[in-house]
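First listed ligand is number 1; within each ligand, the first listed atom is number 1. Quantities reported herein were computed from a predicted structural model and do not represent experimental measurements. All values below were derived from every heavy atom in this structure, side-chain atoms included, with hydrogens, water molecules and symmetry-related copies excluded.
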Amino acid sequence: MLHSMRPTVWVLGDQLSPRWPAWLAEHGLGPDNARLLCIESERKLRARPWHRHKLILVLSAMRHFVEEMRRRGFDVEYRRAPTFLAGLRAHLRQHSVDRLIVMRPNTWQGAQFTSRLEQTLGLPVEVWPNRFFLAGPSDLGTARSPLMETFYRKMRRRTGFLMDGPQPVGSRWNWDAENRRPPRKDWQPADLPAIAAFPPDEITRQVIEEVARIDTAWGRLDGFALPVTRADALAFYEDFLVHRLPAFGPYQDAMLSGRPWLFHALISPLINIGLLEAGEVCAAAEQRWRDGRAPLNSVEGFIRQVIGWREFMYAVYWREMPALRGMNALGAVRPLPAFYWSAETEMVCLRECVQSVWERGYTHHIQRLMVLCNFAMLAGVDPHAVNDWFLSTYVDAYDWVVTPNVIGMGLFADGGIVGSKPYAASANYIHKMSDYCAGCRFNPRQRVGPNACPFNALYWDFVIRHAGLLGRNPRTSMAVKTVRRMNGADVAALRAQAASFLEHLAG
Ligand SMILES: Cc1cc2nc3c(=O)[nH]c(=O)nc-3n(C[C@H](O)[C@H](O)[C@H](O)COP(=O)(O)OP(=O)(O)OC[C@H]3O[C@@H](n4cnc5c(N)ncnc54)[C@H](O)[C@@H]3O)c2cc1C
Ligand code: SF4
């Protein structure tokens, strides 16, 4: 059969927005004169020990996207191929394509790949600007260490969220001081909302069967219940707005055994593949406050995560790549401890977090930052090994968001571009903000001895090792002063405790 020449629009697995028909229409393209293509690359599926739920999510969402676009009249090819390039070549052999269109990928490696495509394929390739973010590197200003708070206020003014003319509603930009409560001891099961579950349909069940055969994958296979369509993503988000947003703010940093999500939204897997948009989730959250159904500290806290931190990380990533990935400002070289994969450790906080990652590829922000990264930083684990672990094991993981969060915020391996100080903490923080220590064989109040919590000696050992750097920073110099006031025997005991623990840490 003879086909007329048409452009092919290659839609990537993290660009599954319902807006594609509208974006194409802006260019005079539609079902009659453009073809869509999605490619499943065998190499990509096996490139790392991806979490099985991540593979299920992306593959199923892609297939549902294809169904939806076909319903809307598009000719869509869903192609399985050994690599993306092989898939593109096979597509071009079988169809009359006058040019290839692709939106600029979110990640640096992807953008490198698409920038070479025209030459590689010998066909005109249009790389359209990325439409999935509200900000970019130019919004960071020129400082080496841009301030997130300055960036965030700019984003508030630009988007108009929670603004009263030029002023923030409630006359404050930031309600963080209200948002640091530990978990309540009197919480009953009924106080802790479940998360909405979407049982797998036929397409997802088929994907689960296929993912079961990917022997390089990690994480639990069963129990997948995330939304994979736009309609279900909206329903999932609505469930957060109604049941968890009101308490989101105060308990944003709290950690509770068996409840990794607590009052968090769990929407990062969905926003990161285009099923939800940053602007729409913020608008809906703001509306809850305007309707008197959620307090301002919760709504502001949530909006700051989305148009503040999320956009900030994306902008930093694009400004600092590719160097960012290779940074190691603290000279950390230790291999990743084996328990990051097995969860076999006596440290309850770390075990709970790794188990949650195994179960559903998720922990909330503070577990990522103050438990998993904090431990790795204090123990001097190689930042690239930590980055690779986060990239592989989380259901919401993509290079543009993992690398600045891990190399920058989590490990301070960027030397202070993302944050102005290392997020280093002893057991005291975890003890205060979680219920983990109550069930742990270690004592969070002890620094040395067989029952002392390892976080304590590791923390002080870290402060001693990096005293020069930490002493120069007003936000961390207090810890250095404390060490300098300790007597020599105490310092030696702390260092010996840390060394003995690290010696027995299996990599
Ligand atoms: C070491 C480390 C690794 C991380 N890895 C990822 C990752 O792989 N993918 C990912 O999307 N986020 C990552 N984050 C950021 C943040 O932890 C997650 O976005 C958040 O925990 C997702 O859960 P949630 O949807 O329940 O978030 P909520 O707490 O409900 O927050 C709402 C939304 O805000 C956004 N957000 C909040 N903080 C950040 C941040 N620091 N960077 C980017 N977006 C943010 C997310 O889109 C999130 O869905 C990481 C943070 C750290 C410290
Ligand atoms: S005592 Fe230490 S290791 Fe145990 S849960 Fe608390 S912080 Fe974690």
Side-chain angles (χ1 to χ4, degrees), residues 51 54 148 195 236-237 240 244-245 248-249 251-253 255 257 260-273 276 278 281-282 285 298 301-314 316-317 345-353 357 361-377 383 386-387 389-411 418-419 423 425-446 451-459 501:
H51 197 291
K54 161 102 173 273
M148 202 305 273
I195 39 172
F236 185 82
Y237 182 57
F240 162 72
R244 302 194 299 282
L245 177 64
F248 173 87
Y251 300 108
Q252 205 174 330
D253 292 357
M255 299 176 275
S257 304
W261 60 87
L262 208 51
F263 299 102
H264 288 261
L266 248 128
I267 53 167
S268 47
L270 310 176
I271 309 194
N272 291 356
I273 60 172
L276 293 175
V281 298
C282 291
S298 283
F302 176 76
I303 288 179
R304 178 150 32 89
Q305 304 309 310
V306 180
I307 60 164
W309 281 111
R310 184 172 190 270
E311 296 289 337
F312 182 73
M313 290 303 190
Y314 180 73
V316 168
Y317 174 82
T345 168
E346 291 179 295
M347 289 177 283
V348 168
C349 53
L350 284 157
R351 191 168 71 217
E352 278 276 338
C353 291
V357 183
Y362 177 83
T363 58
H364 74 61
H365 185 69
I366 294 302
Q367 293 145 334
R368 300 184 204 209
L369 183 64
M370 300 309 294
V371 179
L372 294 161
C373 267
N374 183 26
F375 181 86
M377 181 173 66
V386 183
N387 206 45
W389 182 81
F390 272 101
L391 251 177
S392 304
T393 57
Y394 274 80
V395 75
D396 57 2
Y398 298 87
D399 194 44
W400 68 264
V401 62
V402 172
T403 299
N405 269 298
V406 174
I407 301 287
M409 184 185 254
L411 301 177
V418 168
Y423 283 94
S426 67
N428 194 29
Y429 180 86
I430 298 172
H431 183 40
K432 189 174 124 207
M433 295 309 296
S434 78
D435 67 345
Y436 297 147
C437 303
C440 187
R441 89 148 188 83
F442 294 111
N443 184 338
R445 297 188 202 284
Q446 281 180 16
N451 297 326
C453 171
F455 272 94
N456 290 332
L458 289 178
Y459 172 77
F501 174 80

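- Only the side chain of Val401 comes within 4.0 Å of ligand 1, counting heavy atoms alone; its backbone N, CA, C and O stay farther away.
- Ligand 1 places these atoms under 4.0 Å from at least one heavy atom of Phe248: 28 (P), 29 (O), 30 (O).
- Ligand-side atoms of ligand 1 in range of Cys373: 1 (C), range being under 4.0 angstrom from any heavy atom.
- Residue pairs meeting the salt bridge (charged side-chain N to carboxylate O under 4.0 Å, His left out) criterion with at least one partner in residues 303-314, sequence neighbours excluded, are Asp176-Arg304, Glu300-Arg304.
- For ligand 1, the atoms sitting less than 4.0 Å from at least one non-hydrogen atom of Val306 are 33 (C), 34 (O), numbered in the order shown with element in parentheses.
- Listed by atom number, the atoms of ligand 1 under 4.0 Å from Asn272 heavy atoms are 9 (N), 10 (C), 11 (O).
- In this structure, atom 48 (C) of ligand 1 lies nearest to the protein heavy atom Ser268 CB, 4.2 Å.
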Anything under 3.5 Å between a donor and an acceptor, one on a side chain of residues 261-269, the other on a protein residue two or more places apart or in another chain? List them.
residue	atom	partner	partner atom	Å
Trp261	NE1	Pro193	O	3.2
His264	NE2	Gln252	O	3.0
Ser268	OG	Asp396	OD2	2.7

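- Of all the heavy atoms of Tyr362, the ones lying under 4.0 Å from any atom of ligand 1 belong exclusively to the side chain.
- Close contacts of ligand 1 with Ala397, meaning ligand atoms under 4.0 Å from a residue heavy atom, involve 8 (O).
- The salt bridge (charged side-chain N to carboxylate O under 4.0 Å, His left out) analysis of residues 425-437, with sequence neighbours excluded, yields no pairs.
- At a heavy-atom cutoff of 4.0 Å, ligand 1 is contacted by the backbone of His364 but not by its side chain.
- If you look at atom 2 (Fe) of ligand 2, the protein N, O or S atoms less than 2.8 Å from it are Cys453 SG.
- The shell of residues lying under 4.0 angstrom from ligand 1, judged by heavy atoms, excludes Trp261.
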